[in-house]
Novice: 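What follows is a single structure, and I will ask about it in a moment.
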Amino acid sequence: MSTRLRRGQAPTRRMAHIWDASRCIACGACVMACTQANAPEMMFREEKGWKSLASNIRRIDSVSPHGRPELLLVQCQHCENAPCISTCPFGATYYDTDGRVRLDPARCAGCSYCVTSCPYNVRWLHPDNKLPKKCMGDGCIDLTDSGQHPACVQACPAMARDYGDLNDPSSSVSVTLRTKRSRRLLEATGSEPKFFVVEGSR
Amino acid sequence: MTPADLHYQVDVAHWGWSIAWFLWFVGIAGMGSVAYYFVRRAPLAYVIFGSLAIGLLLVVSHLGRWWNLPRVLWIMVINLDFNFNSWMLIGIMMLSVHLFMTLFIVIAHLPFLTNRFGWLGWTKALNASNLYLVLYAALGAGATVYSGFLITQAAGVPLWNTSLIPVLWVISGSVAAIAVLELLYVFGLVDARVSSFGVRLGMGLDVLKLLAVLGFLHVALSFGSAGARFGAELMTSGEYALMTWGGVIGIGILIPLAIGAYTIFVGKSKPLLLVSSVAALAGVFFLRAAVLLAGVWEPLVL
């Protein structure tokens with residue numbers, strides 16, 4: 001079970017998410033599964049700022065310059081240089097020993113600094129408890145602590161999602177990143193995200 | 001063209017009007033403390049104290065989980081775990097110390113307190129100490145700078161990620177401090193001598209503020225990322241254009257400049273000074289509100 005990383009301590013694992021855009025069929029199962037696992041009380045409620053289902057995965061539909069419909073699914077990137085951890089005045093946002101960015105509700109006063117600090121706009125304020133929710137929620141933490149994949153990975157019918165340890169060269173995410181073309185979002189921010197968008201074969 | 005993935009920070013993070021008022025009060029109190037070093041008048045100390053108290057109340061009331069704050073502070077203290085990378089933590093500490101330093105100055109100006117409670121006499125010594133007042137002015141300037149870096153550090157909003165904001169906040173905070181002095185003069189709370197150095201200095205600061213505002217917008221529009229550019233467009237030709245051109249520049253800069261010129265060439269008129277100082281204070285508020293409300297995230301595309 002992962003615990004809070006102490007100052008100066010290095011994470012034992014570097015858990016990362018992969019989303020394979022070339023496989024995704026845009027069914028939205030991951031978005032729904034995320035809400036069901038992490039905030040079931042929000043299943044039929046909207047995140048007003050995003051104008052979409054309150055989920056730790058944000059869906060972005062757009063049209064390419066050539067007129068082709070495009071989809072991007074984003075979630076907490078579990079950045080290795082996370083701006084939300086730098087800015088949180090109370091230490092509520094922290095790294096765990098798996099290298100994931102986590103939230104300690106006991107230390108959160110609801111200032112929203114982490115929300116404005118996230119370059120990916122993937123935190124949302126829960127309307128009831130005012131916590132800045134994000135991937136991974138309690139439901140997915142429980143799943144991964146028991147050795148399972150997060151809800152989005154389990155729900156994806158197209159095998160477009162994966163989750164694993166970047167430090168382990170034999171993990172499925174490491175193999176995918178070695179064999180397929182991928183990129184990270186907004187790298188110029190220097191946040192060192194651990195969310196990879198796979199674009200297809202090399 | 002509006003990007004597909006466009007989200008206003010105010011809709012998601014809710015940093016809206018209450019934060020704009022907070023930044024305004026911090027600007028008045030911060031640069032007001034610098035002005036206090038020079039003028040040392042009781043009414044200014046009262047204004048600074050009131051501004052700080054209201055500003056801090058606003059920021060606490062804005063917390064979504066304010067009721068959890070005592071527990072949060074307790075956990076931080078017992079673990080001796082303070083995130084000094086966070087401008088918000090640094091700033092709140094600075095403002096709290098600033099509030100107490102101002103309280104001592106206010107007490108020193110209340111003879112009915114210092115006479116009745118002799119042990120409060122040390123506040124008069126503090127208020128007479130140049131060292132204390134230099135520290136006080138430095139803390140005030142620091143608090144104003146903090147209020148700029150507070151939003152500069154928010155990496156999600158590219159419009160804010162510029163060192164021009166703290167500079168802009170210091171210049172506009174100075175404008176606000178001079179406007180407060182002018183208002184105090186208009187209401188007969190300070191003498192003409194205190195107010196006299198304000199007109200030319202205020203005009204100079206207005207010109208600097210105009211340059212800084214235009215520079216801020218120019219840099220975002222010309223060299224900023226898509227999010228910074230869209231935010232600047234909201235301020236120049238979009239939803240907040242009226243607030244920028246009418247409020248920040250028209251009311252906040254041009255009216256005080258025109259009245260300042262009239263005062264220099266024709267003479268001081270209290271009604272006009274009243275209009276000028278209220279306009280300057282309103283402009284300082286509009287500046288903070290427009291910059292805050294125009295904040296959007298960098299649009300993400302595949």
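Within every chain, numbering begins at 1; the chains are lettered A, B, ... in the order of the sequence lines, protein sequences first and strands thereafter.
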Novice: Around A:Q154, counting heavy atoms of other residues, nucleotides and ligands shown, do more than 12 lie under 6.0 Å from its CD?
Specialist: yes
Novice: State whether the number of non-hydrogen atoms from other residues, nucleotides or ligands found under 6.0 Å of B:F84 atom CZ is greater than 12.
Specialist: yes
Novice: Counting only heavy atoms closer than 4.5 Å, note whether A:T189 contacts chain B via side chain, backbone, both or neither.
Specialist: neither
Novice: Considering residues, nucleotides and ligands other than B:W67, do more than 12 of their heavy atoms fall under 6.0 Å from its CH2?
Specialist: yes
Novice: Any side-chain to backbone donor/acceptor pair from A:W50 onto B:D11? Under 3.5 Å, distance only.
Specialist: no
Novice: Examine whether an atom of A:D104 lies under 4.5 Å from a heavy atom of chain B, and if so say whether it belongs to the side chain, the backbone or both; otherwise answer neither.
Specialist: neither
Novice: Counting C-beta onward and ignoring hydrogens, is there a side-chain heavy-atom pair between B:M88 and A:T87 closer than 4.5 Å?
Specialist: no
Novice: Tell me, side chain or backbone of B:I75 under 4.5 Å from chain A's heavy atoms, or both, or neither?
Specialist: side chain
Novice: Search all heavy atoms of B:G64 against all heavy atoms of A:K130 and return the closest pair with its distance.
Specialist: O-CG, 3.3 Å
Novice: Over all heavy atoms of both residues, which pair between B:S86 and A:Y113 is shortest? Give the atoms and the distance, please.
Specialist: OG-CE2, 4.0 Å
Novice: Do the side chain of B:N83 and the main chain of A:G91 share a donor and acceptor less than 3.5 angstrom apart?
Specialist: no
Novice: Heavy-atom cut-off 4.5 Å, strictly under: side chain, backbone, both or neither for A:R7 against chain B?
Specialist: side chain
Novice: Relative to chain B, which segment of A:I85 carries a heavy atom at a distance below 4.5 Å: side chain, backbone, both, or neither?
Specialist: backbone
Novice: Hey, does B:R65 have a side-chain heavy atom less than 4.5 Å from the side chain of A:C111?
Specialist: no
Novice: Would you indicate whether the side-chain heavy atoms of B:W15 and A:V115 approach each other to under 4.5 Å?
Specialist: no
Novice: Search all heavy atoms of A:S86 against all heavy atoms of B:Q153 and return the closest pair with its distance.
Specialist: O-NE2, 4.3 Å
Novice: Against chain B, label A:P132 side chain, backbone, both or neither, depending on which of its atoms sit under 4.5 Å from a heavy atom there.
Specialist: neither
Novice: Can you confirm whether A:R178 is buried at CZ, in the sense that more than 12 heavy atoms of other residues, nucleotides or ligands lie under 6.0 Å from that atom?
Specialist: yes
Novice: Restricting to non-hydrogen atoms, name the atom on B:A155 and the atom on A:S117 that form the minimum distance, rounded to 0.1 Å.
Specialist: CB-O, 3.4 Å
Novice: Can you tell me if B:D5 uses its side chain to pair, donor with acceptor, with the backbone of A:D61 under 3.5 Å?
Specialist: no
Novice: Under a 4.5 Å cutoff for heavy-atom pairs, which residue among B:N79, B:I19, B:N68, B:N85 has the most contacts with chain A?
Specialist: B:N68
Novice: Check each atom of B:F82 against the heavy atoms of chain A and say whether the ones under 4.5 Å are side chain, backbone, both or neither.
Specialist: backbone
Novice: Looking at A:N121, A:I60, A:V63, which makes the most heavy-atom pairs under 4.5 Å with chain B?
Specialist: A:N121
Novice: Just wondering, do B:V12 and A:L125 contact through their side chains at under 4.5 Å, heavy atoms?
Specialist: no
Novice: Find the one option among A:C108, A:P105, A:C88 whose heavy-atom pairs under 4.5 Å with chain B are most numerous.
Specialist: A:C108
Novice: Less than 4.5 Å to any heavy atom of chain A: does that hold for the side chain of B:I92, its backbone, both, or neither?
Specialist: neither
Novice: Checking heavy atoms, do the side chain of B:W297, its backbone, both or neither come under 4.5 Å from chain A?
Specialist: side chain
Novice: Return yes when atom CG of A:N129 has more than 12 non-hydrogen atoms of other residues, nucleotides or ligands closer than 6.0 Å, and no otherwise.
Specialist: yes
Novice: Among B:V72, B:V157, B:L73, which has the most heavy-atom pairs under 4.5 Å with chain A?
Specialist: B:V72
Novice: Check whether any side-chain heavy atom of A:P119 lies under 4.5 Å from a side-chain heavy atom of B:E298, and answer yes or no.
Specialist: no
Novice: Which pair of heavy atoms, one from B:A13 and one from A:S112, lies closest together, and at what distance?
Specialist: O-OG, 3.2 Å
Novice: If you define the side chain from C-beta out and look only at heavy atoms, does anything of A:R107 sit under 4.5 Å from B:M76?
Specialist: yes
Novice: Mind listing the closest non-hydrogen atom pair of B:L69 and A:A109 along with its distance?
Specialist: CD1-CB, 4.0 Å
